[in-house]
Amino acid sequence: MEYDKIYEKPEGSIFRGLIGAVLGGLIGAIIWAVVGVMGYQASIVGLLIAFLAGKGYDLLKGRPGKIKTVVLLLVFVLAIILGELLKIIWYIHDGYVQAFAELTAFEQHFAMTEQEYFVKVIPDLMNNTEFTDAVIQDVGTGLLYGALGAFFLIFNSGKKAAKKRAEAERNRIPTPAYTPEEKKEI
């Protein structure tokens, strides 16, 4: 007697999907930093990060379902934080370059290195409430915009999966209630 498959092997790979989402998130984080350094509000790029992470997941054939939602949300949050960190690093680097350029040749010889400058400046920035408030605001609004983008991606992904399941169910060949031998007896 033939039986329908109760469990089908899930299609796609979680690992490949994760790699695709991370690559999309990295591209988005770099765009976040560039937009922020140019002086624009980078939070709208949160939508783009969610889109790029989702596209990366799909392009590398990640497994659909709840795991996709978890991977995309994790990658999108980390990408926004990474983008903000890249922007801060660029600002610190730019401050060092400007301060170094203002020194005389003799002073430049005795000036601190860029690494020493980073070590000195970062604690000062962390204690600056204006700076930390601005970072929290940027990341928060980026997460809000990204959540909107992620919601639509996940919602559309769920609709596509439901449509695919319904189509597979329509195309499924029903299993007879009896075997061919039993049919001959009838």
Side-chain angles (χ1 to χ4, degrees), residues 14-15 17-60 62 66-158:
I14 297 170
F15 181 72
L18 177 65
I19 296 298
V22 167
L23 291 174
L26 284 174
I27 293 168
I30 291 168
I31 294 171
W32 174 288
V34 169
V35 168
V37 167
M38 291 172 52
Y40 297 105
Q41 182 70 21
S43 57
I44 194 77
V45 178
L47 282 166
L48 181 63
I49 290 173
F51 172 77
L52 290 172
K55 270 300 179 196
Y57 191 91
D58 292 339
L59 284 174
L60 291 185
K66 293 178 183 174
I67 190 68
K68 178 180 181 179
T69 304
V70 172
V71 167
L72 290 182
L73 289 176
L74 180 68
V75 167
F76 130 81
V77 168
L78 293 176
I80 288 175
I81 293 169
L82 177 64
E84 189 67 19
L85 287 174
L86 290 173
K87 183 175 81 170
I88 292 167
I89 289 169
W90 179 263
Y91 282 140
I92 294 171
H93 167 75
D94 197 41
Y96 176 78
V97 169
Q98 288 178 2
F100 194 77
E102 293 174 2
L103 299 175
T104 65
F106 181 75
E107 291 171 327
Q108 287 178 356
H109 182 69
F110 295 103
M112 67 177 80
T113 65
E114 191 165 5
Q115 291 82 12
E116 293 170 333
Y117 184 76
F118 270 90
V119 170
K120 178 186 177 293
V121 169
I122 289 176
D124 293 341
L125 288 175
M126 297 308 287
N127 292 328
N128 183 335
T129 56
E130 277 184 49
F131 173 78
T132 54
D133 289 348
V135 169
I136 290 169
Q137 181 181 358
D138 283 353
V139 170
T141 54
L143 289 173
L144 177 67
Y145 279 107
L148 291 173
F151 171 77
F152 288 114
L153 281 172
I154 293 165
F155 180 73
N156 284 338
S157 175

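- Residues passing the side-chain hydrogen bond (donor to acceptor under 3.5 Å, both in side chains) test with E102: none are found, sequence neighbours excluded.
- The distance from atom OG1 of T141 to atom CD1 of I136, rounded to the nearest 0.5 Å, is 12.0 Å.
- Under the rule for a side-chain contact (heavy atoms from CB on, under 4.5 Å), the partners of V77 that lie at least two apart in sequence or sit in another chain are I81, L143.
- Residue E116 comes nearest to T113 through the heavy atom pair OE1-N, 2.7 Å, listed as atom of the first residue, atom of the second, then distance.
- The closest donor-acceptor contact from the side chain of Q108 to the backbone of F100 lies under 3.5 Å.
- In this structure, Q137 has no side-chain hydrogen bond (donor to acceptor under 3.5 Å, both in side chains) partners at least two apart in sequence or on a different chain.
- Y117 meets the side-chain contact (heavy atoms from CB on, under 4.5 Å) test with I92, Y96, M112, V121; sequence neighbours excluded.
- Between V22 and V71 the shortest side-chain heavy-atom distance does not fall below 4.5 Å.
- Partners of F110 according to the side-chain contact (heavy atoms from CB on, under 4.5 Å) rule, which considers only residues two or more places apart in sequence or in another chain, are F106.
- Judged as a side-chain hydrogen bond (donor to acceptor under 3.5 Å, both in side chains), and not counting sequence neighbours, T129 has no contacts.
- Sequence neighbours left out, the pairs with a member in residues 135-144 that pass salt bridge (Lys or Arg N to Asp or Glu O under 4.0 Å) are K87-D138.
- To the nearest 0.5 Å, the span separating NE2 on H93 from CD on Q98 amounts to 10.0 Å.
- From L144, atom CG reaches atom CD1 of I80 across 9.5 Å, with rounding to the nearest 0.5 Å.
- Remark: I27 CD1 to I49 CD1 distance equals 11.0 Å, nearest 0.5 Å.
- Here L23 pairs with I19 under the side-chain contact (heavy atoms from CB on, under 4.5 Å) rule; sequence neighbours left out.
- Checking side-chain atoms of N127 against main-chain N and O of P123 turns up a donor-acceptor pair under 3.5 Å.
- Atom CG of L48 and atom OH of Y145 lie 14.0 Å apart (nearest 0.5 Å).
- Nearest heavy-atom pair across L86 and A33 is CB-CB, 3.6 Å.
- Inter-residue side-chain proximity for L74 and L18 is flagged as unmet; no heavy-atom pair is nearer than 4.5 Å.
- Sorted by first and then second residue, the side-chain hydrogen bond (donor to acceptor under 3.5 Å, both in side chains) pairs with a member in residues 19-31 form an empty list; sequence neighbours excluded.
- Interatomic distance, I31 CD1 to L52 CG, rounded to the nearest 0.5 Å: 5.5 Å.
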